[in-house]
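Single-structure report; data block below.
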Amino acid sequence: MYTVFRRPAWLSILLIALLAMMMTPVHAQDGGRRVDQGVAFFQANGIPPEAFRELSATVGTSPQRAAEVLVKYGYTPEQAQAFMTPQNVLTMRAVLNPGPSNEVIGQAMGLLAPYNLTINDLSALFPNLNNPQAMAATLVQKGLTMEQASQLLTQAAPIIQQANEGGLLQYAVLNDQIAGMMNQAGFDYMLMYNVGNVINDPEAIAAKMKEQGYTEAQIQSFQTLAVGMTAQGITPELIDGWTVKNMVYRLEGIGLDPTTINEIVALGSRDAVQEYLEGLGYSGETLELALVNLAGCLGENGEVLDPERLQAYQAGEAARLLDEAGIDPENLGDILSLMDDPDAMRAYLEDSGLSDEQIAAFEKGL
């Protein structure tokens with residue numbers, strides 16, 4: 001059973017406050033640039049906002065079903081098939097279900113394009129992203145010379161390193177594999193996030209799925225699937241981490257400060273989030289796309305990321321940061337009081353006996 005990180009109540013509150021202060025603030029002047037760019041993409045291609053939710057649920061797991069959605073909302077079958085190019089599918093995935101890994105994939109595609117390689121070729125590289133020799137062999141099979149393959153891998157090395165450091169590479173590699181497993185078994189991909197915090201507990205999976213109206217046969221099928229996921233390294237902590245990071249990324253993308261995550265999650269439903277966003281002036285297609293983005297992490301009724309899961313993740317992350325820096329949690333109040341004064345913070349850490357290496361690691365974590 002997945003156990004929530006436990007701390008005294010006062011410490012949990014401070015830990016949560018610390019993590020909120022550590023989150024990178026969004027630039028208000030961007031005005032929700034990513035969501036606006038997404039709306040512009042759909043407008044340019046004549047896709048109405050009524051299609052956003054259904055496309056979000058299908059484009060990541062079944063492009064054919066996504067094409068059927070386009071037909072439902074005005075495309076002819078021929079237009080839909082012509083539109084569903086690998087690049088357009090990738091763009092829709094990034095717009096409807098955004099996450100930090102989308103940027104990694106986008107950068108990778110920029111490197112692959114001059115070699116006439118596509119998103120499908122990138123997927124073929126995923127299983128060996130930490131094995132340059134295997135990747136080179138795959139690229140040669142795709143038509144590159146060994147010299148070209150070596151040059152491409154040299155160009156890609158910084159992206160792979162960056163993705164590894166942020167945990168995004170692991171997500172990018174496993175995400176497509178799991179999406180395929182879910183689709184083949186006939187499950188909506190969102191179910192993994194719904195039950196992600198108990199993915200290694202068959203009884204808890206059954207209880208959650210019963211609440212959501214799944215049949216016994218479906219529950220047993222997903223329990224079997226969950227065993228395969230955990231065997232590939234999928235843990236409750238990993239799923240919650242992905243969900244929270246994606247939520248922060250989506251808040252930034254619609255022009256909200258990441259520290260609003262606690263307030264948004266506490267609202268608990270799509271309708272409540274809609275009222276909240278309308279109060280901030282969101283409307284029309286921008287509002288609809290923003291809701292699709294946020295509901296992708298929250299669920300329609302807060303059944304995915306809820307306050308308890310968020311606070312457990314925040315407390316665990318803050319405690320990990322303090323532990324890695326060698327800081328006693330009892331001194332957290334002092335840390336909080338110095339958040340706005342980097343020089344005083346560094347002096348405090350030096351006086352506490354931290355080495356330059358420990359201070360650098362702590363500052364990087366902040």
Side-chain angles (χ1 to χ4, degrees), residues 37-38 41 45 55-56 58-68 70 77-185 189 192 225 228-229 231-234 238 242 246 249:
Q37 289 176 344
F41 170 80
N45 289 285
L55 286 172
S56 175
T58 56
V59 72
T61 56
S62 176
Q64 182 56 45
R65 287 173 59 197
E68 293 170 0
L70 292 176
E78 294 75 19
Q79 287 173 327
Q81 290 301 327
F83 177 75
M84 296 299 289
T85 64
Q87 184 59 50
N88 282 342
V89 169
L90 181 64
T91 299
M92 284 200 293
R93 287 174 60 178
V95 168
L96 293 164
N97 303 311
S101 62
N102 294 135
E103 294 191 2
V104 174
I105 293 175
Q107 292 176 48
M109 287 307 303
L111 293 177
L112 294 177
Y115 299 93
N116 295 317
L117 298 175
T118 69
I119 184 66
N120 293 330
D121 298 314
L122 178 61
S123 296
L125 295 173
F126 274 173
N128 296 307
L129 281 176
N130 285 315
N131 186 338
Q133 291 182 336
M135 281 196 293
T138 299
L139 290 170
V140 170
Q141 291 175 358
K142 299 289 183 181
L144 275 66
T145 65
M146 182 57 73
E147 182 180 357
Q148 288 175 321
S150 298
Q151 180 180 0
L152 177 56
L153 293 177
T154 299
Q155 293 172 330
I159 297 175
I160 294 175
Q161 180 180 358
Q162 176 189 1
N164 259 329
E165 290 176 352
L168 300 180
L169 180 59
Q170 184 180 21
Y171 175 73
V173 171
L174 293 176
N175 189 49
D176 280 355
Q177 295 176 1
I178 293 171
M181 293 167 66
M182 296 284 288
N183 184 52
Q184 187 174 7
Y189 186 58
M192 185 184 77
L225 191 61
M229 291 181 188
Q232 293 190 57
I234 303 300
L238 190 59
W242 290 346
N246 283 345
Y249 186 82

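Remember, predicted model here, so these are calculated numbers, not experimental data. Quick note: residue numbers are just sequence positions, from 1.
Minimum heavy-atom separation, Ala149 to Ala136: CB-O, 4.0 Å. In terms of heavy-atom proximity, Ser56 sits nearest to Asn97 at OG-OD1, 2.6 Å. Nearest heavy-atom pair, Gly99 versus Asn246, reported as atom, atom and distance to 0.1 Å: CA-OD1, 3.4 Å. Taking all atoms of both residues into account, the shortest heavy-atom contact from Ala80 to Leu70 is CB-CB, 4.2 Å.
You'll find the side chain of Thr91 reaches within 4.5 Å of the side chain of Gln87, heavy atoms only. Inter-residue side-chain proximity for Leu117 and Leu111 is flagged as unmet; no heavy-atom pair is nearer than 4.5 Å.
If you take CD on Gln155 and CD on Gln151, they are separated by 5.0 Å, rounding to the nearest 0.5 Å. For the atom pair CD (Glu68) and OG1 (Thr58), the distance works out to 9.0 Å, reported to the nearest 0.5 Å.
Shown here are the ring-ring contact (aromatic ring centres under 6.0 Å, His included) partners of Phe83, two or more places apart in sequence or in another chain: Tyr75. With sequence neighbours left out, the side-chain contact (heavy atoms from CB on, under 4.5 Å) criterion links Gln141 to no other residue.
Remark: the backbone N or O of Met84 is not paired with any side-chain donor or acceptor of Asn88 at under 3.5 angstrom.
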